[in-house]
Amino acid sequence: MIERAVIDGRPVGADARFMLTARYGHFTAMQVRNRRVRGLDLHLARLDEANRELFGAPVDRDAVLGAVRAVLGGDARDGSVRVYVVETDRPHVLATLAPPAEAEQGPYRLRSVVFQRYLPHVKKAAGFAQAHLGRLVGREGYDEALLTSAHGIVSEGSITNLGCFDGERLVWPDAPMLRGITMRLLERVDVPQERRPLKVADLAGLGLVFVCNSRGVVPVGQVDDVALRPDPALAACVLGWYDAVPWDALD
């Protein structure tokens, strides 16, 4: 543990020193509305899977739910909540609360970037690379970075999953990725689904390309110099499926 630290010359206490030390871990992000969250079982399962891989033990479900309730307190009913499990001398459960966030209307513009995350299936606590890529493409006027392999195979966005709907089936990239909670919720929809290798040039042949994360679902209108034409009817289908997902009580 760090014994002493300053921020802009000001000494900080033990909690701040702890946060500077606790860099190894994983997390999940959720939108809370009226003290309810979509896919609570999936959030808990993701934390448990990552905890077993990183720390060799199941996550403490009661500690996770207790942290969420504690960070909401008795007054907050809506918000953007993150639950982290990080290690210093031992694993600790942290939670943060920020204002609620909604998905933008879109359509998004994506810029492809050759990059593959280490342990992509784990939502790691440190996200420097994704934040940096997001800033880089943002300076070029794009909304999100689309990660690809050196051979051009699409995997995911820097902070999103990419999906497609051709009117008959949901199509997901067949590549290493983090299967986000919104993606997992859409995988539960009773519609044919498949995973297959996708390149940027393939996306123009699909009726709807979208990105999704804890904020929701956003249609994509352009990837690099490839213009897409999101079908409004198909977009309404996918958005309707997501809107129909039930909310689970946290209390």
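- With C164 as the fixed residue, the side-chain contact (heavy atoms from CB on, under 4.5 Å) test singles out one of L170, L198, L234: L198.
- At distances below 3.5 Å, at least one donor-acceptor pair connects side-chain atoms of K124 with backbone N or O atoms of L119.
- The number of heavy-atom neighbours closer than 6.0 Å to CZ of R61, taken from other residues, nucleotides and ligands shown, is 12 or below.
- Between L208 and F210 there is a side-chain heavy-atom pair separated by less than 4.5 Å.
- Using a 4.0 Å cut-off between charged side-chain N and carboxylate O, R169 and D190 make no salt bridge.
- A heavy-atom distance below 4.5 Å is not found between the side chains of V137 and E140.
- Nearest heavy-atom pair, L147 versus Q116, reported as atom, atom and distance to 0.1 Å: C-NE2, 4.4 Å.
- Between the D166 side chain and the G207 main chain, no donor and acceptor come within less than 3.5 Å of each other.
- Between the side chain of R77 and the backbone N or O of L72, no donor-acceptor pair lies under 3.5 Å.
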Is there a side-chain contact (heavy atoms from CB on, under 4.5 Å) between T88 and F18? Walk through the geometry before answering.
CA-CA 8 Å; T88 53; F18 168 81; 3.5 Å; yes
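- Although no hydrogens or angles enter the test, the distance criterion places a donor-acceptor pair under 3.5 Å between the side chain of R69 and the main chain of L250.
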Test side-chain contact (heavy atoms from CB on, under 4.5 Å) applied to R109 and V220, step by step:
CA-CA 6 Å; R109 299 177 69 233; V220 174; over 6 Å; no
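- A salt bridge between E156 and K123 is absent, with no side-chain N of the basic residue lying under 4.0 Å from a carboxylate O of the acidic one.
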Using the rule given for side-chain contact (heavy atoms from CB on, under 4.5 Å), can you reason through Y108 versus L110, listing the C-alpha separation, both sets of side-chain angles and the distance that settles it, and then say yes or no?
CA-CA 6 Å; Y108 262 16; L110 308 184; 4.2 Å; yes
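- Salt bridge status for R38 with D248: absent, with no side-chain N to carboxylate O gap under 4.0 Å.
- A salt bridge links R35 with D251: at least one charged nitrogen is closer than 4.0 Å to a carboxylate oxygen.
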Given E49 and R184, is the salt bridge (charged side-chain N to carboxylate O under 4.0 Å, His left out) satisfied, shown in steps?
CA-CA 14 Å; E49 292 163 5; R184 295 188 192 198; 3.7 Å; yes
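- Here the side chain of D231 pairs a donor or acceptor atom with the backbone of A233 at under 3.5 angstrom.
- Side chain of N34 to backbone of R36: no donor-acceptor contact under 3.5 angstrom is found.
- Dense packing is recorded around CD of E53, with more than 12 heavy atoms of other residues, nucleotides or ligands lying under 6.0 Å away.
- V85 is not listed as a side-chain neighbour of H92, based on a closest heavy-atom distance of 4.5 Å or more.
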Might you work through the side-chain contact (heavy atoms from CB on, under 4.5 Å) test for V209 and L162, ending with a clear yes or no?
CA-CA 7 Å; V209 178; L162 180 133; 3.8 Å; yes
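- Counting heavy atoms from C-beta outward, R111 and L146 have side chains that stay 4.5 Å or more apart.
- Side-chain atoms of Q31 come within 3.5 Å of backbone N or O of A101 as a donor-acceptor pair.
- Remark: side-chain polar atoms of R196 are not paired, donor with acceptor, to backbone N or O of P173 under 3.5 angstrom.
- With hydrogens and angles ignored, the 3.5 Å screen pairs no side-chain donor or acceptor of R82 with any backbone N or O of A95.
- Inter-residue side-chain proximity for Q222 and P107 is flagged as unmet; no heavy-atom pair is nearer than 4.5 Å.
- Using a cut-off of 4.0 Å between Lys/Arg side-chain N and Asp/Glu carboxylate O, E187 and R179 are scored as salt-bridged.
- The neighbour count for R195 CZ, taken as heavy atoms of other residues, nucleotides or ligands under 6.0 Å away, is above 12.
- A donor-acceptor contact shorter than 3.5 Å is absent between the side chain of T182 and the backbone of C212.
- Here the two rings, on F165 and W241, have centers that are under 6.0 Å apart.
- Cation-pi geometry between R90 and F55 is not met at under 6.0 angstrom from the ring centre and within 45 degrees of the axis.
- The shortest distance between side-chain heavy atoms of V12 and R17 falls below 4.5 Å.
- For the pair M183/W172, a side-chain contact is recorded, criterion being any heavy-atom separation below 4.5 Å from C-beta on.
- In this structure, the side chains of P192 and E168 stay at 4.5 Å or more apart for every pair of heavy atoms.
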